[in-house]
Each structure stands twice: as C-alpha cells, then as structure tokens.
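Computed over heavy atoms, backbone and side chain alike; hydrogens, waters and symmetry mates excluded. Chain identifiers are assigned alphabetically (A, B, ...) following the order of the sequence lines, protein sequences preceding nucleic acid strands; residue numbering begins at 1 within each chain.
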Protein chains: 2
Amino acid sequence: MEFPQARKSIERALGAGKLVVCVGNCTIKYAGRAASKISEGDRLLVIKHDGTFLVHQSTGMKAINYQGPGSVVSVAEENGELIVKSERTKPMHELIEVHFKRVDYCDSFEMHDDTKLQLFGSEKELARILMQDLHLIEPGLTPLKGESDVKRGSIDILAQDSAGSTVAIELKRRSAGLDAVTQLKRYVEQLQKRKGRRVRGILCAPEITANALKMLAGEGFEFFKLDYEIANPSAKIKGLQRKQKVLGEYGP
Amino acid sequence: MEFPQARKSIERALGAGKLVVCVGNCTIKYAGRAASKISEGDRLLVIKHDGTFLVHQSTGMKAINYQGPGSVVSVAEENGELIVKSERTKPMHELIEVHFKRVDYCDSFEMHDDTKLQLFGSEKELARILMQDLHLIEPGLTPLKGESDVKRGSIDILAQDSAGSTVAIELKRRSAGLDAVTQLKRYVEQLQKRKGRRVRGILCAPEITANALKMLAGEGFEFFKLDYEIANPSAKIKGLQRKQKVLGEYGP
DNA sequence: GCGATCAGCGGCACG
DNA sequence: CGTGCCGTTGATCGC
C-alpha cells in the first residue's frame with residue numbers, strides 16, 4: 001500500500017473518530033516514563049478515536065508499545081518512511097514514533113458501541129456476598145463494615161466475633177501470597193493501635209502459598225479456604241473451611 | 001462481508017500461522033476464572049498464531065476479553081451467526097465466545113518479526129546502577145548483594161554501612177506507596193530475626209506518598225529521593241537526596 | 001486530583 | 001512447576 005494513501009486514510013479516520021488498523025513493517029521508538037526501541041519487523045498498529053495507541057507483535061498478549069486514551073496522534077511522510085506519532089503529557093511527556101518502511105494494510109472503521117462489559121466474580125462482588133455469610137466462618141461473627149478505611153489502607157471486611165473482639169478480614173479472589181498476609185498484618189497492627197486491644201486477622205482465599213501460610217501462622221492469623229463458583233450472572237460462595245493451623249507447626 | 005468467506009479466511013489463516021484481524025458487530029460471553037458478557041456492539045478481534053485472542057472496543061486501552069498464548073481457536077456458523085471461540089485449559093478451563101451478527105472486515109497477514117523490544121529504565125537496571133553508587137546514599141555504605149532472597153521475599157539490594165550494620169534497600173522506579181513500605185518492613189523484620197540485631201531499612205524512590213512517609217518514619221526507616229533520567233540506551237542516576245525525617249514529626 | 005487497591009492482572013526470573 | 005514481584009502496569013473507587 002502506498003504511503004500517501006495510508007497517510008490520508010489515517011488522517012481522515014482520526015478526524016472522523018474512526019478506528020484505525022494498520023499492518024506493516026516498522027521500527028519503533030518510545031520515550032517517556034521509560035524508553036524503548038525495536039528494530040524492523042511486521043507489526044499491527046491500532047489507533048482508537050480516544051487516543052489509545054497500540055502496537056502488537058505477531059506473538060504475545062501485550063502490546064509492545066502503547067499509549068492510553070488521550071494521546072495525540074499525527075502522521076507524516078519523511079525520508080521514505082511513513083511516520084505515525086503518538087504524544088501525551090498526562091503522567092509526563094511521552095512519545096511513540098512508529099516508522100513504517102512498508103505498509104501492507106491500512107484502513108479505518110466506524111465503531112458503534114455504547115455497551116459496557118458486565119463482569120462477574122470480582123473481589124468486590126465476593127466481599128458483598130461474604131459479608132452476609134460470616135457465620136460460615138464461625139457462629140456469632142457479625143459484619144461491621146465493608147471496605148473500611150484506616151490510616152494505613154483499607155480493610156476488605158471489618159467484623160466482630162461473639163466475644164466482642166474486632167476482626168479484620170482480608171479477601172482474595174485467587175491464591176494468596178506474602179503480599180496478602182503483609183497487607184492484613186498492616187491493617188491489624190493499625191487497628192490494634194487504635195483499639196488498644198488484640199484484633200484478630202482472618203485471610204479468606206481459594207488458596208494460599210506455603211510460605212504465606214507460615215507467615216500467617218507466625219503472626220497468629222487465621223486462614224479460611226474460600227470455595228466459590230461463578231454462576232452467571234453472579235457469584236456464589238460454596239464453602240468456607242478453616243485451614244487447621246497449629247502454633248509452632250510451621251517454621252519461622 | 002459474508003460469513004462463509006470470513007470463516008474460511010480465519011480457518012485458513014489459523015492453519016497458516018497468520019495474524020487475523022476482524023471487525024464487526026458481536027456479542028461476547030466469557031467464562032473461566034471470572035465470567036463476563038456484553039451485548040451487541042462493534043468490536044475489533046485480533047487472533048495471533050500463538051493463540052493470543054484479543055477483543056477491543058472502540059475506546060479504552062485494554063481488551064475487554066482476552067486469552068493469552070496457547071488458546072485454541074475455532075470458528076463456526078450457527079443460527080445466522082459467525083461464532084469464534086477461544087478455549088484454554090492452562091490456569092483452568094476458560095472459554096470466550098464471540099458471536100458476530102455482522103462482519104465488516106476480516107483478513108489475515110503474514111507477520112515476520114524475530115526482534116524483541118529493548119526496554120530502558122526498568123527497576124532492575126536502576127538497581128544495577130545504584131549498587132555501584134551506594135556512596136550517594138552515605139559514605140561507607142557498601143553493597144553486599146542484589147536481589148537477595150530471604151524467607152519472606154526478596155530484597156532489592158542488601159548492603160552494609162560503615163558501622164557494620166546490615167541495610168536493606170527497597171527501590172521503586174516510581175512513586176512509593178504503603179505497599180512499598182510494607183514490603184520493606186517485611187524484609188527488615190525477617191533480617192532482624194535472622195541476624196539478631198537491628199537492621200536499617202532504606203526506601204529509594206522518585207517520590208513517596210505522604211501516608212507512606214508517615215508509616216516509614218514510624219518504623220524508623222529512611223527515605224531517599226531518587227532522581228534519575230533515561231538517557232538512551234541506558235539509565236543514569238542524577239541524584240540521591242535524603243528526605244529529612246524527624247522522629248515524632250509525623251503522626252501515628 | 002491524589003491515593004490505595006484490584007486485576008480473568010501478564011510477564012519474568014529464580015528456586 | 002510454584003513463588004515472588006515488577007509493570008511505561010491500567011482501571012476503579014473513595015477521599
């Protein structure tokens with residue numbers, strides 16, 4: 001495909017708010033929060049009317065170069081190359097330059113779409129359900145507040161047990177690692193400082209790594225294995241089972 | 001574009017290892033680690049020969065539905081729809097179904113590209129440079145080890161000060177938040193348990209949030225503002241300045 | 001707007 | 001393979 005034609009196609013499309021799709025051989029330079037370059041190869045360029053700018057290689061899931069909504073796109077012909085630039089200033093000045101040596105395909109499309117994805121099984125959804133089902137953890141455990149902000153972050157679920165003790169619950173929709181335990185620890189420490197007495201920490205997740213479980217036990221926290229299913233169009237908690245922990249069973 | 005033609009185009013492309021680009025009106029269902037659905041709208045579908053499967057709306061940076069390399073793609077015509085499926089089993093069974101009511105464009109491309117992106121300014125690169133420049137933090141601070149694994153994670157840089165004390169350094173390439181301080185705290189606690197004596201914790205980042213700085217000070221750690229630039233084709237540390245901290249200056 | 005956290009996170013490196 | 005953690009993380013929601 002000839003450069004002038006491709007150039008006009010892109011310019012017209014940008015003005016008309018259309019989606020641009022372009023395939024060809026190019027080199028790319030990027031400078032901004034980081035910097036990158038890549039030598040010649042065939043790639044796919046997608047430009048959306050909101051300024052989204054994506055360059056994909058022939059393999060791999062993520063774009064090798066990208067710019068979020070809000071970037072300003074321009075096209076030029078120079079030294080026998082078709083140069084497409086994307087510039088933004090939002091987090092800082094960032095520039096991508098795609099230098100096409102050859103364009104195999106370039107066209108644009110009107111895209112009508114006023115819908116939004118409905119997602120089920122998010123952590124927030126699980127938390128909302130779990131709030132109603134705290135008795136699955138233990139009888140007498142009652143919810144106080146969901147998504148409760150403390151000075152050092154926000155606790156997923158705040159509850160109270162039958163003895164009147166405060167309980168901080170950290171929920172994960174997938175396997176919990178060290179970071180989850182560390183997070184819980186931060187909240188519990190903060191709450192204890194505020195309340196002046198012992199606060200229980202409970203981690204709910206479908207799995208937990210061995211290392212995280214050791215740390216959890218060392219901190220005196222509890223783990224509950226969360227069994228859930230995503231029954232469209234919502235999620236459902238199938239079970240909540242205490243993972244037995246014996247003090248001193250796990251190494252330091 | 002007619003469905004049979006689009007279907008053949010996709011099937012042939014998949015067999016030939018080409019990149020498929022398809023634009024049209026569709027609904028999408030997804031079920032796997034989570035679940036989602038979306039009603040009719042115009043979208044862009046990209047299928048790579050490695051099984052990567054991406055569906056984009058006309059705005060926004062991220063694909064609304066996706067599958068990483070390794071998914072198995074199939075096409076069918078059914079009830080007046082062109083149905084493209086992507087199935088995988090890797091983390092678990094996951095299925096995307098794209099139901100096209102209309103196809104505006106569908107073609108495939110041979111993509112030759114044996115190059116890899118060269119990225120500059122990563123944290124790892126900064127760490128390597130900083131290791132040589134620990135004197136910028138304080139005279140007599142000497143590197144012991146980079147990326148040092150302890151039982152509860154891995155420390156970016158392990159060092160020793162002129163008094164012989166162990167120093168754990170956590171490095172961030174962008175503004176540090178509570179999570180960075182929490183991470184550092186975990187490492188320091190682990191080291192202290194192992195060494196049996198006080199270990200210093202230092203956080204190096206271009207910025208730190210006010211809240212994180214409070215927590216840092218409360219833990220007795222130190223913050224150094226990291227000033228760097230990415231001078232292609234490498235990064236360079238321009239300065240490293242102690243952020244003054246006075247005990248008790250920050251609230252709990 | 002910043003700030004904290006989630007994400008179907010993905011990707012990488014190391015044990 | 002799991003585990004930990006970075007990412008030009010992006011996206012969201014609360015303050």
Asks: Roughly how many Å is it from CG in B:D149 to C1' in D:dT3, rounded to a whole number?
Replies: 10 Å
Asks: Please report, rounded to the nearest Å, how far the P atom of D:dG4 is from the CD atom of B:E170.
Replies: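 The answer, rounded to whole Å, is 15 Å.
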Asks: Report the nucleotide, chosen from D:dG4, C:dG11, C:dA4, that has the shortest atom-to-atom distance to any side-chain atom of B:L178.
Replies: C:dA4
Asks: Base, sugar-phosphate, or nothing: which does A:E94 touch, judged by heavy atoms less than 4.0 Å apart?
Replies: base
Asks: Let me see the working for B:K172 and B:E170 under salt bridge (Lys or Arg N to Asp or Glu O under 4.0 Å), right down to the final yes or no.
Replies: CA-CA 7 Å; B:K172 289 289 171 226; B:E170 175 63 28; 3.0 Å; yes
Asks: Would you kindly give the CG-to-C1' distance between B:L117 and D:dT8, to the nearest whole Å?
Replies: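 In whole Å, D:dT8 C1' lies 10 Å from B:L117 CG.
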Asks: Compare the minimum distances between each of D:dC13, C:dG10, C:dA4 and the side chain of A:K124, then state the nucleotide with the smallest one.
Replies: D:dC13
Asks: Specify the separation, in whole Å, of atom CD of A:E207 and atom C1' of D:dT3.
Replies: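 Roughly 14 Å, once rounded to whole Å.
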Asks: Taking atom P in both C:dA4 and C:dG8, what distance in whole Å separates the two?
Replies: 22 Å
Asks: Just call it for B:Q183: base, sugar-phosphate, or nothing, with non-hydrogen atoms closer than 4.0 Å on any strand.
Replies: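 Contact class for B:Q183: sugar-phosphate only.
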Asks: Could you tell me the separation between the NZ atom of A:K172 and the P atom of D:dT3, rounded to a whole number of Å?
Replies: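 It works out to 16 Å between those atoms.
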Asks: Contact class for A:Y187 (heavy atom, under 4.0 Å): base, sugar-phosphate, or nothing?
Replies: sugar-phosphate
Asks: At 4.0 Å (heavy atoms only), tell me whether A:I64 reaches a base, stays on the sugar-phosphate, or touches nothing.
Replies: base
Asks: Is there a donor on the side chain of B:E123 or the base of D:dG7 sitting less than 3.5 Å from an acceptor on the other?
Replies: no
Asks: Regarding B:D179, tell me which of base, sugar-phosphate or nothing describes its non-hydrogen contacts under 4.0 Å with the strands shown.
Replies: nothing
Asks: Does anything in residues 117-128 of chain A form a side chain to side chain donor-acceptor pair (under 3.5 Å)? List the pairs, not counting sequence neighbours.
Replies: A:E125-A:S234
Asks: Rounded to whole angstroms, how far apart are CG on B:L119 and P on D:dG7?
Replies: 8 Å
Asks: Please state how far atom CG in A:L213 lies from atom P in D:dT3, giving the value in whole angstrom units.
Replies: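 Rounded to whole Å, this separation is 11 Å.
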Asks: When we call it a touch if two heavy atoms are under 4.0 Å apart, what does A:G32 touch: a base, just sugar-phosphate, or nothing?
Replies: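 Nothing, no nucleic acid heavy atom in range.
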Asks: May I have the distance from B:I157 (atom CD1) to D:dC6 (atom P), rounded to whole angstrom?
Replies: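 After rounding, the gap between these two atoms is 12 Å.
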Asks: Measure from the side-chain heavy atoms of A:R186 and tell me the nearest of C:dT5, D:dT8, C:dC9.
Replies: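 When the side chain of A:R186 is considered, C:dT5 is the closest of C:dT5, D:dT8, C:dC9.
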Asks: With a 4.0 Å cutoff (strictly under), does any side-chain N or O of A:Y66 reach OP1 or OP2 of C:dG10?
Replies: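 Result: no.
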Asks: Taking only the P atom of each, what is the distance from D:dT8 to D:dG4 in whole angstrom?
Replies: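 Approximately 22 Å lies between the P atom of D:dT8 and that of D:dG4.
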Asks: Counting side-chain heavy atoms from C-beta on, which of D:dG4, C:dC9, C:dG11 comes nearest to A:R174?
Replies: C:dC9
